[in-house]
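So the structure is just underneath, and the comments pick up after that.
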There are 2 protein chains.
Amino acid sequence: MDISPNAIPDVVVRRLPIYARSLSYLAEEGVRSVSSQELGERIGVTAAQIRKDLSYFGEFGKQGIGYNVEYLLGHIRRILGLHEVWPVVLVGVGPLGQAIARYEGFRTRGIDIIGVFDNDTSKIGLQLGRNTVQPDSDLPKILQEHNIRLAIVAVPAVRAQEVVDVLVQNGVQGILNYAPIVVQTPDNVWVRHIDPVALLHSMTYYLSREDEHHAMNEH
Amino acid sequence: MDISPNAIPDVVVRRLPIYARSLSYLAEEGVRSVSSQELGERIGVTAAQIRKDLSYFGEFGKQGIGYNVEYLLGHIRRILGLHEVWPVVLVGVGPLGQAIARYEGFRTRGIDIIGVFDNDTSKIGLQLGRNTVQPDSDLPKILQEHNIRLAIVAVPAVRAQEVVDVLVQNGVQGILNYAPIVVQTPDNVWVRHIDPVALLHSMTYYLSREDEHHAMNEH
DNA sequence: ATGTGTGAATTACTTCACAGCG
DNA sequence: CGCTGTGAAGTAATTCACACAT
């Protein structure tokens, strides 16, 4: 999915959920008010960054005071569309899919897994949290009946593209992809990718460099 | 962890593992040679981007031909430090931790989970793939004995910071954090973060906007 | 012909720095 | 005073476009 010019930069959109997350912790701690400085320290972002990001959406702070935690949190939630609960489906019920299906953190943050699917017949009927595993063949029906726009894909890489095709054909516009492959989608569909191995590899890069530096210093 | 000036940009480093992943699929498919154009189409990146990224590290292609898949893959692997296997520990053996411990995709890509830890005594001794769950109290010993530099954290948010502190105190320099919280670390430690809910929220943002546009068009 | 490698141009993102408000 | 909101300045990342090698 592309960004249209003059739109809010995607980097900013990706930070908003982090702000929301941190603000909800602050709210739980009973903190009433927070400055961009304080919030930034928690998140590892500069104060200016936070103020600039928020300024795309309005004026939420008070000069000399900072931001009211509940107020700002409410606004960010609404900006993200989280005043509604988003029904999603999960496809793929290997160990990872099962962990996702059981994780409480989705529902508490506005994401409701309303259906769980697998093509392995031996898994059909398995109970996972509030969901019962259904066959992939039921996907189109459920997607359309519930007007599902978001999906989580946790199938092996070889199956990911076909699953994504079915999802997209049936109206899904946002996909969280755990399979280690870049899936092809029409450009009105958003895809976000989780590849823990790739993230680890980006760190082995730096750790290897450190070795070299140390070796150099020994000369 | 900060980037020193003149260093390779972090965005570039983060793309390398994606290139490597795609190249290894190409190699499996028996493809010998690939152009930046073809590779870019697979990955969803421009050809110029790929050529520019690679140029930070050397000249790996042949004009008029493209890149030899095996050759380039070998180079990227080496750049990422993947000519060695990286031993890592996993802390936290809830459903997610168990899925991580059982996932084969780490070992096949140069990441070897050599120890799995939890503070829940009822889980100690549980067999997960090749690992047996050990108590958190054994962490320092194992980290030091094996000279562990990378760790995966899959504990609840409330425990993440204390676990990270122990890891860092015992020499860990790179952390893959699944807990939905930004952990504080000294600036010689790398942290990469996985928050599926935040990724979904960044998509609900765009999907909500689409609604509005449609509503506007109806006027 | 074809496709790399790369300076130059462009676009995007972040930080600065300060007016102005509570 | 303290801290926001924001143009302007400064960096960083991407894309262009073409010389050049095969």
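Convention: sequence-line order gives letters A, B, ...; per-chain numbering from 1.
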Less than 4.0 angstrom between a side-chain N/O of [X] and OP1 or OP2 of [N], yes or no?
{"X": "B:T46", "N": "D:dT15", "result": "yes"}
{"X": "B:S36", "N": "C:dT4", "result": "yes"}
{"X": "B:R15", "N": "D:dT14", "result": "yes"}

I'd like to know if the side chain of A:S208 and the backbone of A:T204 have a donor-acceptor N/O pair within less than 3.5 Å.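 Yes, A:S208 side chain to A:T204 backbone: donor-acceptor pair under 3.5 Å.
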Give a yes or no on whether the backbone of A:R109 and the side-chain of B:H201 come within a donor-acceptor separation of less than 3.5 Å. yes
Atom [atom1] of [X] to atom [atom2] of [N]: distance rounded to whole Å?
{"X": "B:R51", "N": "D:dC20", "atom1": "CZ", "atom2": "P", "answer": "16 Å"}
{"X": "B:D53", "N": "D:dT15", "atom1": "CG", "atom2": "C1'", "answer": "12 Å"}
{"X": "A:E41", "N": "D:dC3", "atom1": "CD", "atom2": "P", "answer": "11 Å"}
{"X": "B:I50", "N": "D:dT15", "atom1": "CD1", "atom2": "C1'", "answer": "13 Å"}
{"X": "A:L72", "N": "D:dC3", "atom1": "CG", "atom2": "P", "answer": "16 Å"}
{"X": "A:L54", "N": "C:dT14", "atom1": "CG", "atom2": "P", "answer": "13 Å"}
{"X": "A:R14", "N": "C:dA12", "atom1": "CZ", "atom2": "P", "answer": "16 Å"}
{"X": "B:E59", "N": "D:dA19", "atom1": "CD", "atom2": "C1'", "answer": "13 Å"}

### Message
When you compare the side chain of B:R21 with that of A:D195, does any pair of heavy atoms fall below 4.5 Å?
### Response
yes
The answer to which of A:V11 and B:S55 contacts DNA chain C further toward the 5' end, by nearest nucleotide, is B:S55
### Message
If the condition is ring-ring contact (aromatic ring centres under 6.0 Å, His included), which residues does B:Y56 pass it with, not counting sequence neighbours?
### Response
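Residues passing ring-ring contact (aromatic ring centres under 6.0 Å, His included) with B:Y56: none at all.
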The correct set of residues in residues 60-69 of chain A placing a heavy atom under 4.0 Å from DNA chain D is A:F60, A:G61, A:K62, A:Q63, A:G64, A:I65, A:G66, A:Y67
Listed nucleotide nearest any side-chain atom of [X], set [options]:
{"X": "B:P9", "options": "C:dT15, C:dC18, D:dA13", "value": "D:dA13"}
{"X": "A:K52", "options": "C:dC13, D:dT15, C:dT15", "value": "C:dT15"}
{"X": "A:Q49", "options": "D:dT15, D:dT6, C:dT15", "value": "C:dT15"}

For B:V85, the side-chain contact (heavy atoms from CB on, under 4.5 Å) test, sequence neighbours excluded, returns B:D112
Sub-6.0 Å ring centroid separation between A:Y71 and A:H75 =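 Yes, the ring of A:Y71 comes within the 6.0 Å limit of the ring of A:H75, centre to centre.
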Candidate list B:I43, B:L80, B:L72, B:L73, test side chain to side chain contact (heavy atoms under 4.5 Å, CB included), partner B:Y19, passing option: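 Single pass found, and it is B:I43.
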